[in-house]
Number of protein chains: 2
Amino acid sequence: MPAPQKPRLDALTVEVVELIGDVVARFYEDYEEAAGEHALTGAQARLLSLLSLEPLPMRKLARKLKCEPSNVTGIVDRLESRGLVERRPDPADRRVKLAAATDEGLRVARELREGLRFARAPLAGLSDEERLSLRDLLQRMLNA
Amino acid sequence: MPAPQKPRLDALTVEVVELIGDVVARFYEDYEEAAGEHALTGAQARLLSLLSLEPLPMRKLARKLKCEPSNVTGIVDRLESRGLVERRPDPADRRVKLAAATDEGLRVARELREGLRFARAPLAGLSDEERLSLRDLLQRMLNA
DNA sequence: CACAAATGCTTCAGTAACTGAAACAACCAT
DNA sequence: ATGGTTGTTTCAGTTACTGAAGCATTTGTG
């Protein structure tokens, strides 16, 4: 049996990466499902969630969603036609249109947030101490 | 200061959920970017990754990708037209078409896997012991 | 101040991902 | 055999997305 060849990725790392992949898949599924329960697509739900915090200009939405502004136009159009979002003029700059959640939009956004099963259930199996350590590990991953 | 009202979600849980959201976003971005470097869309990359393990019938692909079989037809079409995937008859059932990665497809799938920056870099900041504990916490989350 | 460059949004054309219904072939059970 | 089920594709229709073009407004520069 030859000595191991210093692999690019050791078995443990591979395992953790796969687990993260599983978490990502579960989270995404859950999100899409919660969105679907409100007859929203994933993109619409993400945009609405952003707007539930504060109104945003279209170009900023595009940056947050990592897509072209021309794309945002369509997503906001569809949400607007359902009365969940409205466009307001920006008093400071007449070029800008601020997209803002309507009252109904805020309500749906809240329900959406509360409908995320995965966000609650599986964490329930962890003790406070474990959550702390999970938090620290995730933070360090993200800031690496 | 009033006693806390047993909130639905305590602050720590919320924090962890948000971190998971961040991890999900980073992972997704990274995956899409790696796919883009090979001129693949996310859906194509996911399908090709599945096929890099073993050939699969269309209906099974649909189940793994959680979409309709009619959708898989198109994704496989596009990959096939680029020579990354081929359709083979299933000797056991003449209705079935097995989608299989070509040699070129396997090569691209391997490069894709290796191109996942997020999978490597940030994990590098964790000690083996920390990876073990991260692994255990993630496993418990997923199995809850 | 004038005016050119930059910025913000929309529109348009084109592609990909997706759904659901319909069609067809092959399988399978009675 | 025949009738129901299964696996795939095709089709029509929606959404998400990109990139180019266009229009309006703002901003920076001489």
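We name chains A, B, ... by the order of the sequence lines, and we start the count at 1 in each one.
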Flag the pair B/Arg82 and B/Asp77 as a salt bridge only when some basic side-chain nitrogen lies within less than 4.0 angstrom of an acidic carboxylate oxygen. no

Could you encode protein contacts along nucleotides 8-18 of chain C as a string, one character per nucleotide from 5' to 3', using B for base contact, S for sugar-phosphate-only contact and - for no contact, with a heavy-atom cut-off of under 4.0 Å? SSBB----SSB

Under 4.0 Å from OP1 or OP2 of C/dA25: is there any side-chain N or O of B/Arg94 that close? no

Is a side-chain donor or acceptor of B/Glu80 paired with a backbone partner of B/Arg87 at a separation under 3.5 angstrom? yes

May I ask you to say whether A/Arg88 pairs ionically with A/Glu86, meaning some side-chain N is under 4.0 Å from a carboxylate O? yes

Using a strict threshold of under 4.0 Å (side-chain N to carboxylate O), is an ion pair present between A/Glu32 and B/Lys66? no

Need two values: the first and the last nucleotide of DNA chain D, 5' to 3', having an atom under 4.0 Å from any heavy-atom of chain B. D/dT6 to D/dT10

Do other residues, nucleotides or ligands put more than 12 heavy atoms under 6.0 Å from B/Asp103 CG? no

Check whether A/Asn71 reaches the backbone of A/Cys67 with its side chain - one donor and one acceptor, N or O, closer than 3.5 Å. no

Treating A/Arg26 as the side-chain partner and B/Leu142 as the backbone partner, does any N or O pair qualify as donor plus acceptor under 3.5 Å? yes

Please tell me whether A/Thr13 and B/Arg131 have a donor and an acceptor in their side chains that are separated by less than 3.5 angstrom. yes

